[in-house]
Structure formats: C-alpha cells, structure tokens
Amino acid sequence: MSVRVRFAPSPTGFVHIGSLRTALYNYLFAKKNNGSYILRIEDTDQSRLVGGAVENMLDILSWCGIEHNEGVVKKDDEIIQVGECGPYIQSERLGIYKKYIQELLEKGCAYYCFCSKERLEQVREEQLERHETPKYDGHCRDYSLEEAKERAEKGEPCVVRLRLPENKDIIFNDAVRGRVVVNTNDLDDQVLIKTDGFPTYHFAVVVDDYLMGITHVIRGEEWVISTPKHVYLYEAFGWQAPLFVHLPNILNSERKKLSKRQGDVAAADFKKKGYLPEGLINYLALVGWSPEDEQEIFKMEELIESFSIERVSKSGGIFDTDKLNWVNSHFIKEYDLDVLSKLSIPYLIEAGYMTEEETIEKIDWVKDLVSIIRERLSSLAEIKKEAAIFFNNEIKPENEEAKEMLRLAHIHELMNIFEEKVKNAETIDQNFGKILFKQIQKETGYKGKELYMPIRVFLTGEIHGPDMGMTLKLLGKEKILSRIQYVRDYLIKNQ
RNA sequence: GGCCCUAUGGUCAAGCGGUUAAGACACCGCCCUUUCACGGCGGUAACUCGGGUUCGAUUCCCGAUAGGGUCACCA
C-alpha cells in the first residue's frame, strides 16, 4: 500500500513555525516513500476563521518548497482543489459527516445531547469544587434514539456525543512513543457534531483521514491524548486506523511551547526577517529529528533522502535562533549573487538607504555591496546594520577602540596621504585599494593593523567591517574625500 | 489537581549494557588574511537524583524531582 499523509491546518491565522515543521515532516516522509502528501483545510470552527489565511498558508508553504500533490492549491490567484478525494475543505464535506454520524448513532456509539451550555458550565463548576476532573456527566446518554431523534428533528438545539465505554483501556501504537494506553475513564464523551451542525475536529479528522486513504497521521504531540478517541471511532466504524506519529513540541528558551506572544512564531516573520527558505527548512528539520551521520547542512532533496520517522526524537526541543542563524548564513553565502541581490533590495529600501529607482539604476553597485557583506550576514535584515557604513554620512566613532584609533599620533599623516592619493586617482576599483595600501605602507612604513585600522575608522567610524579594497570601491571618491574632511572637523571639535 | 509523555554540555543532539560519552551552534584561544570577515585548528562544558536488576549501568525496571502535553460545542 502506498503512503498517503496529510497536513491539515485550520485557517485561523498565520502558519506557526511548529506547524511548518509538521508539514515538512509529512512532506519529507511522503517523498521519501514515493507517497502522496495532501493538504486539507480544517475549517470546522466557523467562529475562528480568518480571511486570507488559506492564501497566506499556501504562499508560505510554497515559499518553503513544501509542495503537495493533492488538496487545496492556488492557481492564478484562485483557490482550487485537485485530487480524487475531495472536497479537501471540511466545510464542504458536511453531507459526508452527516451520513457517517447516522451510522454511529444507529450503532449506539454516539448519542444526541440536549444539555445547554449553562447546565454544562454548572456541572463543570460543581466537579471542580469537588476537585474532580471536569467531564460530561452523561445526562443525555440514556435517551432512546427514537425519542432523541424526534426532538432533534423538531429543531431542539443539540449536539452528538461519542459514547465511550466505561473503564476500557484503549491502546495504540505510536511510531515515536511506542505503545500508548489510555483508559476511557480519563476521556470525555467528546462532542462529535456541534449545535451548528459542523463536526468537531475529532470526528472530521477520522472520517476524512479514512476517506482520503491516509496511512500515517503525522501531527503534533498535543493530539496524543485524544488519539484514543480517534482509535475508538475507527473501531466503531470497522475501519483500520492509520499509524500515528506524534511529533514533540518546539519550545522557547523558557522551555515553554512557542507562543504568539514572544513573536517570531509565524513562518512569515522569518521570511520578513530575511531568512532564506532553505535555511529555515534546514534548521527546522533538525529540531526533533537527527540524521544518521553528522551532516548539518541539507538541501531539500538531501533531507528527503535522509529522513526517517525512527530518528524523530521524543522530547521537545528549544528553538535556537543562534543555530538558525548559522544554518541560514551558509545558504546566504552559497546563494546565486543575482538572486541574493534581488532579495536584498527591499531591505536596502526599507532601511532608507536607497530608493527603488536607485537600486535599479545602481544594480551593479548593489551586487558589489551584497557580494562583500553576504559573508557577514545571517539574515537579510542584517543588511541594514552591515551596510550602514556606506550610507551614513557622519562618522560616529562611538566605540572606545575606534576613538583610540583617531587619537593615534600618525592619524593626520595617514589622512593626508590617503586624501592625496584618492584625489589623484582616476578610478577607484578593488585593485586601486590594493595598490594604494602598498604605496602608503612603502611611504610611511606603517603596515598591518596600524595601517588598516585607522583608515577603516576614519572612513567608516567602525573598527570592524568588510574588506577595505571593496569598501573603497563602494564608497567612491567623493564619499571618501568628504569623510576625511568630516573626520578632520570632528577631531578639531573634540580636541 | 487527575491522566499521559519526556529527561545526555547553555542549546540542538549521537548513543540503544562494557565508549577516552560523538558531532553541531554559542563561547574562548590560536592560525590564515598587510585590514575585516569567511575558513582551518584547538579548548571549556553533560549522562537530574535515589533505589534496584546485572560481573558491569548514561543505556533496563521502580520511585522521586523537574519540564511538557491534555482535561472545550478550539483545532
């Protein structure tokens, strides 16, 4: 039997970084096994729907290179569905759920419940007072089906609940956790169909996974506890349950579940910050899974090749931005320069360094810039910081070491000779720098740090920065000269 | 709180009864670079704690502790 997996998010907002990783693992597993990866939309909670969420989701998944074979896709800016097992949007499958809930009702595995929210709330409070675990008290469990059906058909508000047997161990095998046993006494008579006629997750997921031929359910560990309910439903229908694979959570630095509050949990945030999809995916794959060998940097094809569920870890992992940065910097260094330059432009504009027209006009200059600062970048957003020296007109030697450089005895000598050489230069290219530094060394006797450092400081105000030769080229004659003058004035003012 | 799960350096993690307990990130040092990076080399740093089982436990079992998950007509 061929592998079929699915990623089934609800369109309630942005794509969480943890969901992205779930999608990734589903995708990798499907590809690895020549199977199908399906994207289904679980929009059964009508009150939580967020407009545009599906589009955003499809965009970010596609940006990451996680492409599905079936389900909801975007084509020419329109949402369409492809595949044999549709519809792939749960709100379009209401008729299907209706049919299957009847079967359950008739089998006695489910029952109508007419309890009001108020009553339920009261029961809950009482149980809490008695320090019991809140649970449905079975008030409507024993109505006859005919009677209940009649009431329901007359329009009395009701839900349909799962009728769980008492004190029965439900056992299932989890691919990462092994054998999991949960007693039905610790489970609730879960609502399957809500008052509004929509199914709950628990019902829809079972029906859909079965109907769509899902062989492996790969999802977050928050579903472990409710899996026995799903297993029970499979049994009630006489269906074979898929293999469950529950992934450990991704945590924040406080070992808590990554939440919206700390920011940077939306995959789109990382895109905005200038992480490359390859970097994000590569890093994400490594939180909760490890390869057999010691490889750290992976292309998608390599991930597919190496991925296996056996090597998914059981314990949650902390999301480590440092490591993400390191992984991402690899891809920044290796990216095609033209592509990287294009991606960098929005950050230059956003920083206010250049206008859009300027970036088009001076595209070669931008490429030169990107080519020298890329090695210092772990995300594109850092361009703002790393490129600042080329755009700020005032030199601000705030750093103590930088100030020290400017107090050097030979600073004026260096500035003078440097100024003269630049003034007389015809073109300032990368080679010019090389020759220039050689000449100055010859004429003054300064070399190494005592030569480069002061010059870097009076040109940029910083003691660190990109290669000096390229820095000169990028700065250009005019800027170099005006900066030397600026520093002279600065030194007089700060004497 | 009940139930379920997890536990190796600061972080990700390998290990699956006998190892000098890998590797990566971060940090520190050295080298390379006439500068800055990149890169290379090296260093600091870990089996949560008790009991068992065993000739021998990081590894198996039990308990404690800590952390996570869950307890909705949300997914």
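In what follows, every chain begins at residue 1, and chains take the letters A, B, ... in the order their sequences are listed.
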task: State whether A:Thr44 places a side-chain N or O below 4.0 Å from either non-bridging phosphate oxygen (OP1 or OP2) of B:A75.
output: yes

message: For a quick test of reading the model: is some side-chain N or O of A:Lys323 closer than 4.0 Å to OP1 or OP2 of B:A13?
response: no

A:Lys314 NZ - B:C4 P separation (whole Å): 16 Å

- line: Among the nucleotides B:G69, B:U34, B:A13, whichever has the atom closest to the side chain of A:Tyr452 is B:U34

Pairing residues for A:Glu121 by the side chain to side chain donor-acceptor pair (under 3.5 Å) criterion, not counting sequence neighbours: none

B:G43 versus B:A24 - spacing of their C1' atoms, nearest Å: 16 Å

- prompt: How are the rings of A:Phe244 and A:Tyr234 set relative to one another: parallel (under 30°), tilted (30 to 60°) or perpendicular (over 60°)?
  reply: perpendicular

query: OH of A:Tyr283 versus C1' of B:U11: gap in Å, rounded?
result: 8 Å

query: With both distances under 3.5 angstrom, what nucleotide forms a Watson-Crick or G-U wobble pair with B:G1?
result: B:C71

message: Is the distance from the ring center of A:Tyr100 to that of A:Tyr210 below 6.0 Å?
response: no

- prompt: Watson-Crick or G-U wobble partner for B:U48, using a 3.5 Å limit on both distances?
  reply: B:A64

- request: Please state whether the phosphate of B:A75, meaning OP1 or OP2, lies under 4.0 angstrom from any side-chain nitrogen or oxygen of A:His202.
  value: no

Whole-Å C1' distance, B:G23 and B:A13: 8 Å

message: Does B:A13 have its OP1 or OP2 closer than 4.0 Å to a side-chain nitrogen or oxygen of A:Ser313?
response: yes

- prompt: Is any N or O donor-acceptor pair between the side chain of A:Thr195 and the base of B:C73 shorter than 3.5 Å?
  reply: yes

message: Does A:Gln441 contact B:U34 through a side-chain donor or acceptor facing the base, at a distance under 3.5 Å?
response: yes

message: Looking at B:G15, I'd like to know if its phosphate oxygens (OP1 or OP2) sit under 4.0 Å from a side-chain N or O belonging to A:Arg311.
response: yes

- request: Look at A:Lys135 and B:G2 and indicate whether a side-chain polar atom (N or O) is within less than 4.0 Å of OP1 or OP2.
  value: no

task: For residues A:Tyr275 and A:Phe331, establish whether the separation of their ring centroids is below 6.0 Å.
output: no

Distance flag, aromatic centroids of A:Trp365 and A:Phe391, threshold under 6.0 Å: yes

query: From the list B:U11, B:A75, B:A13, which nucleotide is the closest neighbour of the side chain of A:Ile318?
result: B:U11

task: Tell me which of A:Asn183 and A:Lys333 sits closer to the 5' end of RNA chain B, going by the nucleotide each one is nearest to.
output: A:Asn183

field: Nucleotide B:U33, atom P - distance to NZ of A:Lys434 in whole Å
entry: 13 Å

- prompt: Do A:Tyr112 and A:Tyr143 have ring centroids that are under 6.0 Å from one another?
  reply: no

- request: Using only side-chain N and O atoms of A:Arg48, determine if any of them is under 4.0 Å from OP1 or OP2 of B:A75.
  value: no

- request: Identify the nucleotide, in any strand shown, that forms a Watson-Crick or G-U wobble pair with B:G29, with both distances under 3.5 Å; if there is none, say none.
  value: B:C41

- request: Go ahead and name the base partner of B:A24; Watson-Crick or wobble counts if both distances stay under 3.5 Å, otherwise write none.
  value: B:U11

message: Between A:Asn26 (side chain only) and A:Phe7 (backbone N and O only), is there a donor and an acceptor less than 3.5 Å apart?
response: no

Quick test: give all pairs of protein nitrogen or oxygen and nucleotides 44-49 of chain B nitrogen or oxygen below 3.5 Å, distance rounded to 0.1 Å.
none

